[in-house]
Amino acid sequence: MLGAITGDIVGSPYEYRGELIEADEFPLFSWFSEFTDDTVMTVAVAEALMEGGGDREKTRSLFITEMRKFGRFYPNAGYGAMFADWLCREDEEGYQSFGNGSAMRVSPVAWYFDDLQTVEEFAELSASVTHDHPEGIKGAQAVASAIFLARTGKTKEEIKTYIEERYGYDLDHEVEEFQRMARITSSCQVTVPEAIVAFLEGESFEGVIRKAVSIGGDTDTLAAMAGSIAEAFYSIDEEIRQETLSRLSPDLRSVVERWNDLLREKHFS
């Protein structure tokens with residue numbers, strides 16, 4: 001999930017700036033680079049998965065519990081209005097959102113499970129506790145599927161074909177087209193395919209992040225989604241990894257470290 005967190009931090013200073021951001025010219029990290037709600041909720045999803053142990057109903061309940069716990073602890077992380085309202089409630093109902101909040105936080109699901117069907121099932125579960133609109137669910141499933149396919153050795157062309165055929169997104173575009181559109185939206189319908197195209201077009205982890213930020217608009221979330229896929233395909237340079245970790249609070253970093261220990265045990269033991 002560190003790819004999503006890195007993208008969030010790198011993209012945070014440029015969100016909705018309303019000007020063209022050249023992919024090769026902005027500093028990857030600056031004084032203004034900080035984690036936002038994308039990171040907080042990604043960590044919450046990872047915590048829920050670790051505690052849930054693969055049990056569907058237990059994990060669903062924990063998605064709600066952990067999102068609210070971390071969200072209330074970081075109340076100024078930049079949540080959307082509807083999500084902020086949900087954080088303050090006590091019921092378990094979603095609110096029919098198709099925003100990209102479901103897709104920005106889903107990356108841990110794609111690493112925790114080892115078959116695509118289960119990844120898609122739990123991606124739906126992680127989305128539907130809040131973003132229970134079909135497009136909100138689809139966005140999360142598409143990003144999780146792309147991550148899973150990337151980490152299991154599929155080519156970019158295979159990933160592109162699967163996402164287009166399974167989820168109906170049109171990925172026959174270039175980042176430059178999205179830059180010209182300059183759309184101000186956080187919907188899954190728009191931003192998920194933009195993020196995936198940034199991944200398809202980028203030639204390294206850093207290159208993917210830069211492509212995503214250069215699209216403009218919801219830059220932190222675009223880079224979080226694209227970065228989560230790029231991590232699985234390219235891995236993350238150690239210098240970038242350490243810079244990202246240094247910008248996390250101790251409690252968030254602790255979850256990331258426990259998560260990494262779990263993955264090493266699951267995949268390399």
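Computed from a prediction, not measured in an experiment: that's the story for all the values here. Reckoned from all heavy atoms, side chains included, excluding hydrogens, waters and symmetry mates.
One finds a salt bridge joining E135 and K138 here, because a Lys/Arg side-chain nitrogen approaches an Asp/Glu carboxylate oxygen to under 4.0 Å. At a threshold of 4.0 Å, the pair K160-E201 does not count as salt-bridged, since none of the basic side-chain nitrogens sits closer than that to a carboxylate oxygen. By the 4.0 Å N-to-carboxylate-O rule, K69 lies close enough to E66 to be salt-bridged with it. A salt bridge links D261 to R264: one of the charged nitrogens lies within less than 4.0 Å of a carboxylate oxygen. Checked for salt-bridge contact, K58 and E51 miss the test: no charged N lies under 4.0 Å from a carboxylate O. The pair E120-R166 meets the salt-bridge criterion, since a charged nitrogen lies less than 4.0 angstrom from a carboxylate oxygen.
Between the side chains of D251 and S254, not a single donor N or O lies within less than 3.5 Å of an accepting N or O.
Rounded to the nearest 0.5 angstrom, L116 CG and Q141 CD are separated by 10.0 Å. Annotation: the span from R247 atom CZ to I9 atom CD1 amounts to 7.0 Å, rounded to 0.5 Å. In this structure, I163 CD1 and I229 CD1 are separated by 7.5 Å, a value rounded to the nearest 0.5 Å. The line from CG of N260 to CE of M1 is 6.5 Å long, rounded to the nearest 0.5 Å. In this structure, CD in E257 is found 11.0 Å from CG in L252, a value given to the nearest 0.5 Å. Once rounded to the nearest 0.5 Å, the distance linking CG of D218 with CD1 of I184 reads 10.5 Å.
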Please assess D8 against T39 for the test side-chain hydrogen bond (donor to acceptor under 3.5 Å, both in side chains), listing each intermediate value before the final yes or no.
-> CA-CA 7 Å; D8 175 39; T39 291; 2.6 Å; yes
For side-chain hydrogen bond (donor to acceptor under 3.5 Å, both in side chains), just list the numbers for S214 and E22, CA-CA rounded to whole Å, side-chain angles, deciding distance to a tenth of an Å, and then say yes or no.
-> CA-CA 6 Å; S214 76; E22 295 292 344; over 6 Å; no
Pair R105-T130, side-chain hydrogen bond (donor to acceptor under 3.5 Å, both in side chains): steps then yes or no = CA-CA 12 Å; R105 70 193 187 210; T130 53; 2.7 Å; yes
Take N100 and T191, measure what side-chain hydrogen bond (donor to acceptor under 3.5 Å, both in side chains) needs, and give me the verdict at the end.
-> CA-CA 7 Å; N100 55 23; T191 60; 3.1 Å; yes
Do M50 and V255 pass the side-chain contact (heavy atoms from CB on, under 4.5 Å) test, and can you show the C-alpha distance, the side-chain angles, and the key distance before you say yes or no?
-> CA-CA 10 Å; M50 287 190 287; V255 176; 3.9 Å; yes
For I147 and V143, what are the C-alpha separation, side-chain angles and deciding distance, and is it a side-chain contact (heavy atoms from CB on, under 4.5 Å)?
-> CA-CA 6 Å; I147 297 168; V143 170; 3.9 Å; yes
Decide side-chain contact (heavy atoms from CB on, under 4.5 Å) for S102 and S97; before the verdict, give the C-alpha distance in whole Å, the side-chain angles of both, and the deciding distance to 0.1 Å.
-> CA-CA 9 Å; S102 60; S97 174; over 6 Å; no
D172 and E164: CA distance, side-chain angles, deciding distance, side-chain contact (heavy atoms from CB on, under 4.5 Å) verdict = CA-CA 9 Å; D172 285 323; E164 288 181 324; 3.9 Å; yes
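At a threshold of 4.5 Å between side-chain heavy atoms, the hydrophobic network of Ile, Leu, Val, Met, Phe, Trp and Tyr places F122 and V119 in one connected group. By the rule that hydrophobic residues join a cluster once side-chain heavy atoms approach within less than 4.5 Å of another member, V190 and Y14 end up as members of separate clusters. W259 is connected to V45 through a chain of hydrophobic side-chain contacts under 4.5 Å among Ile, Leu, Val, Met, Phe, Trp and Tyr, so both are in one cluster. Residue M67 is grouped with residue V109 when hydrophobic side chains (ILVMFWY) are merged at heavy-atom distances under 4.5 angstrom, including chains of intermediate members. F113 and I137 are assigned to two separate hydrophobic clusters, defined by single-linkage of ILVMFWY side chains at heavy-atom distances under 4.5 Å.
Figure legend: cation-pi geometry between R68 and W86, with NZ or CZ positioned under 6.0 Å from the six-membered ring centre and within 45° of its axis.
When all heavy atoms of T185 and Y16 are compared, the pair lying nearest together is O-OH, 3.5 Å. Heavy-atom minimum distance, L200 versus K156: O-NZ, 3.3 Å. Considering all non-hydrogen atoms of both residues, H173 and V197 come closest at O-CG1, 3.5 Å. Smallest separation of non-hydrogen atoms from R253 and L245: NH1-O, 3.2 Å. The shortest heavy-atom contact between G139 and V192 is CA-CG2, 3.9 Å. Nearest approach of G3 to I209, heavy atoms of both residues: O-CD1, 4.4 Å.
Looking at heavy atoms from C-beta onward, D114 lies out of side-chain contact with T152 at the 4.5 angstrom threshold. Contact of the V175 side chain with the E177 side chain is not registered, since no non-hydrogen atoms from C-beta on lie closer than 4.5 Å.
A side-chain donor-acceptor contact under 3.5 Å links R151 to the backbone of A110. Checked by atom type and distance alone, the side chain of K154 never pairs as donor or acceptor with a backbone atom of I159 at under 3.5 Å. A donor-acceptor pair under 3.5 Å is formed between the side chain of S12 and the backbone N or O of E34. Remark: the backbone N or O of E231 is not paired with any side-chain donor or acceptor of S235 at under 3.5 angstrom. With hydrogens and angles disregarded, a donor-acceptor distance shorter than 3.5 Å links the side chain of S126 to the backbone of A123. At least one donor-acceptor pair under 3.5 Å links the side chain of R89 to the backbone N or O of E93. Under the 3.5 Å distance criterion, the side-chain polar atoms of T59 are left unmatched by any main-chain donor or acceptor of R56. Checked by atom type and distance alone, the side chain of D237 never pairs as donor or acceptor with a backbone atom of E239 at under 3.5 Å. A donor-acceptor pair is defined here as one N or O able to donate and one able to accept, closer than 3.5 Å; such a pair exists between the side chain of S246 and the backbone of E243. Using modelled atom types, one side-chain atom of T219 and one backbone atom of E15 make a donor-acceptor pair closer than 3.5 Å.
Within the structure, every pair that satisfies the ring-ring contact (aromatic ring centres under 6.0 Å, His included) test and touches residues 39-74, not counting sequence neighbours, is listed here: F35-Y74. Applying the ring-ring contact (aromatic ring centres under 6.0 Å, His included) test to every pair with at least one member in residues 196-220, sequence neighbours left out, gives these pairs: F199-F233. Contacts classified as ring-ring contact (aromatic ring centres under 6.0 Å, His included) and involving residues 150-172 (residues at least two apart or in different chains) are not found.
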Check: residues 23-31 side-chain donor-acceptor pairs under 3.5 Å, at least two apart:
residue : atom : partner : partner atom : Å
S30     : OG   : F32     : N            : 3.1
S30     : OG   : S33     : OG           : 3.4

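The side-chain contact (heavy atoms from CB on, under 4.5 Å) check on T155 picks up E157, E158, with sequence neighbours excluded. Qualifying salt bridge (charged side-chain N to carboxylate O under 4.0 Å, His left out) partners for E124, counting only residues two or more places apart in sequence or in other chains: none.
Between F98 and H133, the angle of the ring planes goes over 60°, which puts this pair in the perpendicular group of the 30/60° scheme.
Atom CD of E203 is surrounded by 12 or fewer heavy atoms from other residues, nucleotides or ligands within 6.0 Å. Around CD of Q117, the count of heavy atoms belonging to other residues, nucleotides or ligands within 6.0 Å does not exceed 12.
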